[in-house]
Amino acid sequence: MLTQAPRGTKDVLPAESYRWQYLEASMRKAAALAGYREVRTPVFEHTELFLRGVGDTTDIVQKEMYTFKDKGDRSITLKPEGTAGAVRCFLEHNLYAEPLPCKMYYLNAPIFRYENPQSGRLREHHQFGLECFGAKEATADAELILLAYHLLQDLGIKNLSVEINSIGCPKCRPVYHTRLKEFLGERIGQMCDTCRERFDRNPLRVLDCKEKKCQEITRDAPSMLDLLCDECRKHFEELQDCLDQAGIPYRVNSRIVRGLDYYTKTVFELITETKDGKLTVCGGGRYDNLVAEIGDQDIPAVGFGMGLERVLMLLDSDGAGIPKDPWYEVFVTYMGANRPHAFKLVQMLRADGIRADLDHCGRSLKAQFKYANKTGTQLTAIIGDEEAENGMVKIKSMAGGEECTAPVQEACSVIRSMLR
RNA sequence: GUGGGUAUAGCGUAGUUGGUUAACGCGCCAGAUUGUGGCUCUGGAGAGCGUGGGUUCGAGUCCCACUACUCACCCCA
């Protein structure tokens, strides 16, 4: 217990953190190219924010939040998603008074949901998310989809597909809801148990059922896309025009529904085909009413969240190479009483920007070489009695084995010239 | 919340119908090579078998419970 991380959490070990750093660097770059700047918001917020923002009928709010009372008797919740916090931040600091759109991203933001962990699902996971406030036009939706698509593609993720849908706005969605309920009401008796539950809770979900029988029954169900109001239809058409122009493959899937209540108009997912089936790596959409719902500004917005663990998982299976950081460039070995000389040389090298270290465990020279070998060090410096007496240092290339000797004062420049 | 699988050294595994000091590979440490790694050889350290009960003369091996891990459903990144 004491030496076990809580269920559904994962350590990122020193040997693998370079993979995260690589991802983060790619994400920062992609975001910055499109004018998004980083925002950092707290890991926890007032529970009320999520009840209002995410929607108190959603599964996330009803059964998955980490909620607790703090010592001041406030109800606090660990972020179960990234958008609500960003909206709160946007409102609290009056960012709407600055030139719009206000584009922000968060990176490696921990997200907490009390779920049953399984492949690609944790209780704490991390997201890269972008939010764009104050842009109502479909180009904003499109640029986010393109950004996510190109980012994942550039990372080497294969079998990537983009699915988009429009779920309308408060004007047209209620009409659809009524129609759908009518349609389903007549047939729900023949459908599976979970669908019957969904019928009451969230009828849209019924369309998402994987049961063959249910899929057949709902094949002729009314589609939201046929009932969009003029404004929503036009917006959706513009989005498709943008994507067509950009030339990325996408599919309109009138059945994708997202689990958060705040979406309006555009919703989208980036899905990959893995050996165990489909996996959504990125999901997002437009939320034109959320800002007004939480604050007193009526500002449209659009955004997405991308699961870092899932992206990393896909990078594993697609075998995309992430360049490894060298551990040490130079390992300084020494014999016996020459440790102070070695220590001094290491400090010199580091001051010169070279990754260097020496043995801190009292190992034999031979063991020091073994260690250097195991850590993949390119060069070793050797300080034996002879070198120490003459103020010299021997430098050896681990790959080829060739050695040379140089005065300690010139060690940095000699080593630099030997490092590729 | 529901259902399936698993649980033996740091990692991966073997442990026959329950029977003496739990085995192997990798890794780790050391030596062969007392100023030098990667190959080879030799030796060594390290688990009492997830936890707690029970059955038995005797359990890693059988039974029960719990916990954790894992997969799937639900839902989601």
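Small disclaimer: the values here were computed from a predicted structure and weren't measured. Chain identifiers are assigned alphabetically (A, B, ...) following the order of the sequence lines, protein sequences preceding nucleic acid strands; residue numbering begins at 1 within each chain.
- Per the geometry, CD belonging to A/Q4 stands 8 Å off C1' belonging to B/C69, to the nearest Å.
- For the C1' atoms, the distance linking B/C11 with B/G53 amounts to 31 Å, nearest Å.
- Annotation for A/E124 and A/T9: closest pair CB-CG2, 4.2 Å, computed over non-hydrogen atoms.
- The A/E387 side chain lies nearest to B/G35 when the options are B/C29, B/G35, B/C73.
- A/R113 has its CZ atom 14 Å from the P atom of B/C75, to the nearest Å.
- The side-chain hydrogen bond (donor to acceptor under 3.5 Å, both in side chains) with A/Y287 is formed by just one residue from the set A/E293, A/E131, A/K265; it is A/E131.
- In this structure, a donor-acceptor pair under 3.5 Å is absent between the side chains of A/Y328 and A/R355.
- On a pure distance criterion of 3.5 Å, a polar donor-acceptor pair joins the side chain of A/N116 and the base of B/G1.
- Closest approach to the A/K366 side chain among B/A72, B/U33, B/A77 is made by B/U33 (side chain taken as heavy atoms from C-beta onward).
- The separation of B/G46 from B/A9, taken at their C1' atoms, amounts to 6 Å, rounded to a whole angstrom.
- On the C1' atoms, B/G60 is 12 Å away from B/A14, given to the nearest whole Å.
- Across the interface with RNA chain B, nearest-nucleotide mapping of A/V281 and A/L365 shows A/L365 to be the residue nearer the 5′ end.
- A donor-acceptor contact under 3.5 Å is formed by the side chain of A/N373 with the base of B/G37.
- Comparing B/G31, B/U36, B/U70 by their closest approach to the side chain of A/K10 singles out B/U70.
- Across all strands shown, B/U33 remains unpaired; no Watson-Crick or G-U wobble contact has both distances below 3.5 Å.
- Checking B/A65 for Watson-Crick or G-U wobble geometry (two distances, each under 3.5 Å) identifies B/U51 as its partner.
- A/L122 comes within contact range of at least one nucleobase, with a heavy-atom separation under 4.0 Å.
- Regarding contacts with the backbone of B/A30, every side-chain N or O of A/R363 stays at 4.0 angstrom or more from both OP1 and OP2.
- Below the 3.5 angstrom threshold, one finds no donor paired with an acceptor across the side chain of A/Q368 and the base of B/U36.
- Side-chain proximity of A/R7 to the nucleotides B/C69, B/G35, B/G37 is greatest for B/C69.
- With a glycosidic angle further than 90° from 0, B/G52 counts as anti.
- Straight-line distance between the P atoms of B/G38 and B/C28: roughly 11 Å, to the nearest whole Å.
- Counting to the nearest Å, the P atom of B/G1 and the CD atom of A/E115 are 13 Å from each other.
- Contact annotation for A/A388: no contact, since no heavy-atom pair falls under 4.0 Å across all strands.
- Of the listed residues (A/Q21, A/Q127, A/E24), just one forms a side-chain hydrogen bond (donor to acceptor under 3.5 Å, both in side chains) with A/N108, and that residue is A/E24.
- When the C1' atom is used for both B/U61 and B/U56, the distance is 13 Å, rounded to whole Å.
- The nearest pair of heavy atoms linking A/T380 to A/A372 is CG2-CB, 3.7 Å.
- Straight-line distance from the CD atom of A/E64 to the C1' atom of B/A77: 12 Å, rounded to whole Å.
- Spacing between B/G18 and B/C63 at atom P, rounded to whole Å, works out to 11 Å.
- When only modelled atom types and interatomic distance are considered, A/D244 and A/Y250 share a side-chain donor-acceptor pair under 3.5 Å.
- Among the atoms of the strands shown, only primed sugar atoms or phosphate atoms (P, OP1, OP2) are found under 4.0 Å from some heavy atom of A/K374.
- Both A/T280 and A/P117 lie near RNA chain B, and the one whose nearest nucleotide falls closer to the 5' end is A/P117.
- Note: A/F128 and A/Y106 fail the aromatic proximity criterion, with ring centroids not under 6.0 Å apart.
- Here B/G18 sits opposite no nucleotide as a Watson-Crick or G-U wobble pair (both hydrogen-bonding atom distances under 3.5 Å).
- Counting non-hydrogen atoms under 4.0 angstrom, A/M306 reaches nothing in the nucleic acid.
- Rounded to whole angstrom, the span from the CZ atom of A/F112 across to the C1' atom of B/A77 amounts to 14 Å.
- Protein atom CE of A/M335 is 9 Å distant from nucleotide atom C1' of B/U34, rounded to whole Å.
- B/G44 and B/C28 make up a base pair, with Watson-Crick or G-U wobble contacts both under 3.5 Å.
- In this structure, A/G401 reaches the bases: a heavy-atom distance under 4.0 Å links it to at least one base atom across the strands shown.
- Remark: B/U56 base-pairs with no nucleotide in the shown strands. Criterion, Watson-Crick or G-U wobble with two distances under 3.5 Å.
- In this pair, A/F331 and A/Y371 present their aromatic rings tilted. The plane angle is within the 30 to 60° band.
- Both distances falling under 3.5 Å, in either a Watson-Crick or a G-U wobble arrangement, occur for no nucleotide opposite B/C39.
- The pairing partner recorded for B/C73 is B/G1, the criterion being a Watson-Crick or G-U wobble arrangement whose two distances lie under 3.5 angstrom.
- The gap from the C1' atom of B/U51 to that of B/U42 amounts to 40 Å, rounded to the nearest Å.
- When ring centroids are compared, A/Y105 and A/Y36 stay outside the 6.0 Å threshold.
- Counting to the nearest Å, the P atom of B/U36 and the CD1 atom of A/I382 are 10 Å from each other.
- Distances shown here put a side-chain N or O of A/Q118 below 4.0 Å from the OP1 or OP2 atom of B/C73.
- Contacts of A/E386 with the nucleic acid, taken as non-hydrogen atoms under 4.0 Å apart, include base atoms.
- Among the nucleotides B/U36, B/A72, B/C75, the one closest to the side chain of A/S119 is B/A72.
- One interatomic measurement links the two molecules: CD of A/E81 to C1' of B/A77, which rounds to 11 Å at whole-angstrom precision.
- Comparing the P positions of B/A59 and B/G50 gives a spacing of 15 Å, expressed to the nearest Å.
- Listed candidates were B/A77, B/G31, B/U36. Nearest to the side chain of A/K394 is B/U36.
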